[in-house]
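This report concerns only the one structure given below.
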There are 2 protein chains.
Amino acid sequence: MELLKIYECLCDRTRLRLLNLLSHGPLCVCHFQEILGEPQVKISKHLAYLRARGLVDVERQGSWMIYELPFKPSRELRANLACLQDCAAEEAVFRRDLARLRKVDLACAPVAAVRRTGARGRCC
Amino acid sequence: MELLKIYECLCDRTRLRLLNLLSHGPLCVCHFQEILGEPQVKISKHLAYLRARGLVDVERQGSWMIYELPFKPSRELRANLACLQDCAAEEAVFRRDLARLRKVDLACAPVAAVRRTGARGRCC
DNA sequence: GATTCATATTCCTTTGCAGGTATATGTTTC
DNA sequence: GAAACATATACCTGCAAAGGAATATGAATC
């Protein structure tokens, strides 16, 4: 994966927040909405942007779309995501997002479980 | 330093090349021109961009402007520059630039020496 | 099968560069 | 101090991409 493409994905605040969250596991769109507090279109378009460039994968689960980091990320991507995670720990926005992530994970069935069991219901 | 600002600086190929070179020591503008083979305006404007955001420092030495990485980079900047250097080693453009850098360093008096001794003359 | 839910896509407007040309500024040299 | 050199700035054009509103798609539910 070309290095420049990675940085192009990282140079937007919303996308940084999305990737920061995804570093902790797969998530569906409504979770992102809930956590970021941003309109659905915005989230959806940035996820499409990331997807088009191979930074995230998607899998449909019923009517939910579950996004996650690639299973086998390239060396460059891995290095940069590690770097991001390291640096994000120092900035309030990202820490707040992670705090909200924990709450959501308690409220909703974690995506991983949904996948395994196929359990559904309303999301957020 | 805000993480997003760093990535905004990294999301352009020319700036990546400049920073890659600067990771190996200070350089003046004409060296960048020589190595990148890009017009002076382009180089100069990208250096100004980086400077305005604190990614590089400048020092005038006679009629030359010597650019270098900040003496005390922030934690985030340090991490990302390390990551860049690591990843850049895998991509041809960056390796070619470094090869040319070595030649320029032999041909011109290295910038560091110029600074110490004040030795001058024509540059490139 | 109509409705609701979850998400994506289209269309539009605005904005931030990127790149080029021309010109300005500051420095050295003769 | 005029000319040559090194670099920066102003101005213009084009384009990608961000954000919002409206709409489309596709799945689940009743």
Side-chain angles (χ1 to χ4, degrees), chain A residues 4-18 26-53 55-68 104 108-109 111 114-115 118-124, chain B residues 4-18 26-53 55-68 104 108-109 111 114-115 118-124:
Chain A
L4 180 58
K5 289 288 167 217
I6 297 180
Y7 288 129
E8 283 171 351
C9 288
L10 297 179
C11 70
D12 175 275
R13 170 161 287 117
T14 304
R15 290 197 291 267
L16 281 182
R17 295 174 73 187
L18 296 175
L27 280 172
C28 75
V29 179
C30 59
H31 283 152
F32 287 121
Q33 282 181 247
E34 183 82 354
I35 296 172
L36 300 200
E38 298 276 6
Q40 181 257 326
V41 201
K42 190 170 171 179
I43 305 275
S44 196
K45 279 202 283 189
H46 281 295
L47 285 169
Y49 184 105
L50 291 173
R51 186 187 179 186
R53 286 154 185 83
L55 279 257
V56 302
D57 286 339
V58 210
E59 181 196 341
R60 159 155 260 141
Q61 194 73 31
S63 58
W64 304 359
M65 296 296 271
I66 300 183
Y67 284 82
E68 63 189 326
V104 165
C108 303
V111 172
V114 170
R115 264 178 169 175
R120 291 297 313 287
R122 301 205 22 208
C123 191
C124 301
Chain B
L4 180 58
K5 289 289 166 214
I6 295 179
Y7 288 129
E8 283 171 351
C9 288
L10 297 178
C11 71
D12 174 274
R13 171 162 286 118
T14 304
R15 290 196 291 268
L16 282 182
R17 295 174 73 189
L18 296 176
L27 280 172
C28 74
V29 180
C30 58
H31 284 152
F32 288 121
Q33 282 180 248
E34 183 82 356
I35 296 171
L36 299 201
E38 298 277 6
Q40 180 257 325
V41 201
K42 190 168 171 179
I43 305 275
S44 196
K45 280 203 282 189
H46 281 295
L47 285 170
Y49 185 105
L50 292 173
R51 185 186 180 187
R53 285 153 185 84
L55 281 253
V56 302
D57 287 338
V58 212
E59 181 196 341
R60 158 155 260 141
Q61 194 75 30
S63 58
W64 305 1
M65 297 295 272
I66 300 183
Y67 285 82
E68 63 188 328
V104 165
C108 303
V111 172
V114 171
R115 263 180 171 174
R120 290 298 312 288
R122 299 200 30 202
C123 192
C124 301

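- Of the side-chain N and O atoms in Arg60(B), none sit less than 4.0 angstrom from OP1 or OP2 of dA6(D).
- Spacing between atom CG of Leu4(A) and atom C1' of dA18(C) amounts to 13 Å, rounded to whole angstrom units.
- Residues passing the side-chain hydrogen bond (donor to acceptor under 3.5 Å, both in side chains) test with Lys45(B): none are found, sequence neighbours excluded.
- In this structure, Ser44(B) reaches the dA8(D) phosphate: one of its side-chain N or O atoms is under 4.0 Å from OP1 or OP2.
- If Gln40(B) and Tyr49(B) are placed on DNA chain C by their nearest nucleotide, the residue sitting closer to the 5' end is Tyr49(B).
- Computed from coordinates, the Gln33(A) CD to dA6(C) C1' distance equals 8 Å when rounded to whole Å.
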Might you list the N or O atoms of the protein lying below 3.5 Å from N or O atoms in nucleotides 19-21 of chain D, with each pair's distance?
residue: dG19(D); atom: OP2; partner: His46(A); partner atom: NE2; Å: 2.9
residue: dG19(D); atom: N7; partner: Lys45(A); partner atom: NZ; Å: 3.1
residue: dG20(D); atom: O6; partner: Lys45(A); partner atom: NZ; Å: 2.5

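- Nearest-nucleotide mapping onto DNA chain C: of Ile43(A) and Glu8(B), the residue sitting toward the 5' end is Ile43(A).
- For Arg53(A) and dA17(D), the shortest distance from a side-chain N or O to OP1 or OP2 is below 4.0 Å.
- Rounded to whole Å, atom P of dA18(D) lies 12 Å from atom CG of Leu16(A).
- For Met65(B), taking side-chain heavy atoms from C-beta onward, the closest of the listed nucleotides dT7(D), dT27(C), dT7(C) is dT7(D).
- Here Tyr67(B) reaches the OP1 or OP2 of dA8(D): one of its side-chain N or O atoms lies under 4.0 Å away.
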